[in-house]
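Computed from a prediction, not measured in an experiment: that's the story for all the values here.
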Amino acid sequence: MKLLIFLAVTLGTLVTGLDSVYSKKYYRLPYKHRSDHKECHCLNGGTCITYYLFSRINRCICPDRYFGIHCELDADSTCYTDNGENYRGMATEDECLPWDLPSVIRRGRYHADLKNALQLGLGKHSYCRNPNGRSRPWCYTKKGFTIQETPCNIEKCGRECGQRSISKYFKIVGGSQAEVESQPWVAGIFQNIRGVDHFLCGGSLIDPCWVLTAAHCFQTASKNPHNKSVYKVFLGKSRLNETDDKEQEFMVDNIISHPDFTDNTGGNENDIALIRIRTNSGQCAEESKYVKTVCLPEKNLYLRDNTRCEISGYGKQDYYDIYYAQRLMSATVNLISQTKCKYEYYDNIRVTDNMVCAGDPTWMTDACKGDSGGPMVCEHNGRMTLYGIVSWGDGCAKENKPGVYTRVTQYLNWIDSSMNAISTKSRFLPEPK
């Protein structure tokens with residue numbers, strides 16, 4: 001009986017004390033932007049509540065859409081701005097490791113145990129972040145016994161890739177003309193020879209500052225670095241040898257060819273290159289009706305055989321033509337099974353898993369000389385995605401000899417790391433005067 005009386009009195013005291021806590025000075029309305037309670041560190045308008053009943057436990061009460069111990073997670077954030085350093089959304093990849101994983105803390109430079117982890121967006125989660133100023137949010141993934149930085153597949157805010165103003169299908173070889181609005185990511189790469197600009201290759205705008213193309217476009221007998229000053233890149237170009245107000249012209253800042261590119265196998269292995277572009281005033285491409293970026297594919301995207309895709313460029317309309325097409329051309333091709341391409345049309349020495357084959361079932365349309373480096377885009381999730389880069393083939397529209405394209409999904413990490421290497425370097429260079 002004494003024990004019951006003691007428990008009743010104690011419980012009554014606690015309830016009375018709790019009531020006094022909430023009726024007096026300890027319960028406060030939150031500030032509009034951020035709580036200033038030193039022990040809570042509530043972000044995004046979170047309210048710091050102290051539970052005196054449980055030994056002064058502090059907790060943030062988060063407003064709608066925000067979660068986490070400090071209200072640091074934004075559930076409504078589905079895209080990132082600039083390079084994503086301030087991204088606090090909940091996007092992740094299946095392979096992403098938690099930032100508080102012991103192996104990440106031991107071997108990673110950025111983890112949840114850092115003093116400024118909260119400011120960097122790191123915590124007990126595996127959401128994509130950009131704590132070191134790369135070109136986009138990333139996460140740690142495990143490859144064998146190593147931990148590596150892997151870019152996340154998150155859209156950038158305010159600019160949608162793979163969207164065009166008009167949609168038309170045309171042929172390249174022996175075909176008709178295409179409006180540049182139907183392929184607004186197509187780039188024309190020119191080389192100055194003895195004071196005259198000559199068309200060299202096609203390319204694809206994957207970022208306002210970057211064009212993706214084929215490495216064999218810059219292949220020379222010598223191993224000397226490319227003289228980037230002799231190249232120009234045009235976007236929004238409808239006519240090859242004419243200029244209009246739709247076009248944007250750029251200098252070439254950098255040319256990065258894949259270090260393992262080779263044509264020793266009879267095909268073009270690792271046939272991919274990046275070009276960083278800028279205007280005379282240092283600007284990158286501006287989005288317009290005639291200039292837009294194409295989407296890079298998702299990691300591990302593998303489209304079914306016979307999927308219809310599009311190729312476009314300024315290449316020759318026939319193998320024996322002397323001149324390139326004077327207008328932008330476009331064609332549809334169907335993806336061909338890897339096995340059939342390797343063992344029926346070509347062989348497994350020339351065609352590797354870094355390539356994808358596509359052709360017209362009637363063998364009437366195809367990419368041709370001059371289309372090299374240009375895009376093969378396929379619609380995926382409602383957007384045009386860069387699935388292949390025009391690389392090589394046996395002739396043009398030759399029966400049983402489909403076009404062979406660089407498989408872009410194999411090079412996403414290389415693309416990201418190459419772009420980051422230049423972007424990071426430029427962050428530490430002095431501003432031009």
Closest non-hydrogen contact found for Cys42 with Gly46 is CB-O, 3.4 Å
Would Cys209 and Cys284 count as a disulfide pair, i.e. SG atoms separated by less than 2.5 Å?
yes
One should read off an interatomic distance between Glu72 CD and His41 NE2, to the nearest 0.5 angstrom, of 12.0 Å
message: In the structure I gave you, are the side-chain heavy atoms of Leu274 and Asn254 within less than 4.5 Å of one another anywhere?
response: no
CG (Leu296) and CG (Leu212) are apart, to the nearest 0.5 Å, by 7.0 Å
| Is Arg129 reaching over with its side chain to a backbone N or O of Gly84, donor-acceptor style, under 3.5 angstrom? | no
When you take the SG atom of each Cys, Cys309 and Cys378, is the space between them under 2.5 Å?
-> yes
query: Is the SG-SG separation for the cysteine pair Cys161 and Cys295 below 2.5 Å?
result: yes
Exercise. Is the shortest heavy-atom distance from the side chain of Arg239 to the side chain of Asp244 under 4.5 Å?
Worked result: no
(Q) Side chains of Glu93 and Thr150: any donor to acceptor distance under 3.5 Å? (A) no
- Cys48 and Cys60 SG atoms under 2.5 angstrom apart: no
Quiz prompt | Tyr87 side-chain N/O to Ser77 backbone N/O, donor-acceptor pair under 3.5 Å | solution = yes
Sorted by chain and number, sequence neighbours left out, side chain to side chain donor-acceptor pair (under 3.5 Å) with Ser204 holds for none
Nearest heavy-atom approach of Pro137 to Asn130 is CA-CB, 3.9 Å
Check your understanding: Are any non-hydrogen side-chain atoms of Leu335 and Tyr302 less than 4.5 angstrom apart?
Key -> no
task = Please test Asn354 against Glu269 for side chain to side chain donor-acceptor pair (under 3.5 Å), starting from the C-alpha separation and ending with a verdict.
result = CA-CA 7 Å; Asn354 291 324; Glu269 177 72 344; 2.9 Å; yes
**Prompt:** Side chains of Glu95 and Lys142: closer than 4.5 Å at any heavy-atom pair?
**Reply:** no
Does Glu286 CD have over 12 foreign heavy atoms under 6.0 Å away?
no
Decide, based on the SG atoms alone, whether Cys152 and Cys128 are under 2.5 Å apart.
yes
Query raised in the report: Does the side chain of Arg107 come within less than 4.5 Å of Tyr140's, by heavy atoms?
Result: no
Ring-plane angle category for Tyr127 and His125, please: parallel below 30°, perpendicular beyond 60°, tilted otherwise. parallel
Donor-acceptor contact below 3.5 Å, side chain Arg136 vs main chain Ile154:
yes
| task | Begin with the C-alpha distance, continue with both residues' side-chain angles, and end with the deciding distance and a verdict on side chain to side chain contact (heavy atoms under 4.5 Å, CB included) for His70 and Asn44. | result | CA-CA 9 Å; His70 304 282; Asn44 299 307; over 6 Å; no
When every non-hydrogen atom of Trp99 is compared with those of Ile105, the smallest separation belongs to O-CG1, 4.1 Å
*Which is it for Asn381 and Glu298 under the side chain to side chain contact (heavy atoms under 4.5 Å, CB included) test, yes or no, and what are the steps along the way?*
CA-CA 11 Å; Asn381 290 336; Glu298 298 171 4; 3.3 Å; yes
Fill in: Trace of the salt bridge (charged side-chain N to carboxylate O under 4.0 Å, His left out) decision for Asp353 with Lys342
CA-CA 10 Å; Asp353 289 337; Lys342 279 186 177 183; 3.0 Å; yes
For Val252 and Val211, run side chain to side chain contact (heavy atoms under 4.5 Å, CB included): C-alpha distance rounded to whole Å, both residues' side-chain angles, the deciding distance at 0.1 Å, then the answer. CA-CA 10 Å; Val252 171; Val211 167; over 6 Å; no
Rounded to the nearest 0.5 angstrom, the CG-CG distance for Asp360 and Asn334 is 7.5 Å
In terms of heavy-atom contacts, Ser372 and His216 come closest through OG-NE2, 3.0 Å
Thr279 meets the side chain to side chain donor-acceptor pair (under 3.5 Å) criterion, sequence neighbours left out, with Ser281
key: Sidechain-backbone polar pair: Glu247 side chain, Ser238 backbone, donor-acceptor under 3.5 Å   = no
Under 4.5 Å between any side-chain heavy atoms of Met376 and Val356, yes or no? yes
Check whether any side-chain heavy atom of Gln183 sits under 4.5 Å from a side-chain heavy atom of Val377, and report yes or no.
yes
When rounded to the nearest 0.5 Å, the distance separating OH of Tyr66 from CG of Asp76 is 8.0 Å
query: Does Thr213 reach the main-chain N or O of Gly202 with its side chain, forming a donor-acceptor pair under 3.5 Å?
result: yes
- Walk me through it: do Lys232 and Asp197 pass the test side chain to side chain contact (heavy atoms under 4.5 Å, CB included)? CA-CA 8 Å; Lys232 291 180 182 178; Asp197 291 334; 3.1 Å; yes
(Q) Quick one: does any side-chain atom of Lys292 pair with a main-chain N or O of Trp185 as donor and acceptor, under 3.5 Å? (A) no
Salt bridge (Lys or Arg N to Asp or Glu O under 4.0 Å) test vs Arg164 passes for just one of Glu379, Glu310, Glu287, namely Glu310
Closest non-hydrogen contact found for Trp414 with Ile256 is CH2-O, 3.5 Å
For Arg65, the side chain to side chain donor-acceptor pair (under 3.5 Å) test, sequence neighbours excluded, returns Asp74
Gamma sulfurs of Cys96 and Cys139 within less than 2.5 Å: yes
OG1 (Thr293) and CG (Leu386) are apart, to the nearest 0.5 Å, by 11.0 Å
- Message: Salt bridge or not between Asp416 and Arg134? Use side-chain N to carboxylate O under 4.0 Å.
- Response: yes
- prompt: Which word best sums up how the rings of Tyr110 and Trp138 line up, parallel for under 30°, tilted for 30 to 60°, or perpendicular for over 60°?
  reply: perpendicular
One should read off an interatomic distance between Thr81 OG1 and Lys156 NZ, to the nearest 0.5 angstrom, of 8.5 Å
### Query
Can you tell if the side chain of Pro375 reaches within under 4.5 Å of the side chain of Val186, non-hydrogen atoms only?
yes
Does a salt bridge link Asp113 with Arg106, judged by any charged N lying under 4.0 Å from a carboxylate O? no
Neighbour count above 12 (heavy atom, 6.0 Å) for Asp64 CG: no
Practice item. Report yes or no: is the cationic atom of Lys401 (NZ for Lys, CZ for Arg) closer than 6.0 Å to the six-membered ring centre of Tyr346, at no more than 45° off its axis? Key: yes
Discussion item. With a 6.0 Å cut-off (strictly less than), is the heavy-atom count around CG of Asn280, excluding the residue itself, greater than 12?
Written reply: no
When every non-hydrogen atom of Gln248 is compared with those of Ser288, the smallest separation belongs to NE2-OG, 4.1 Å
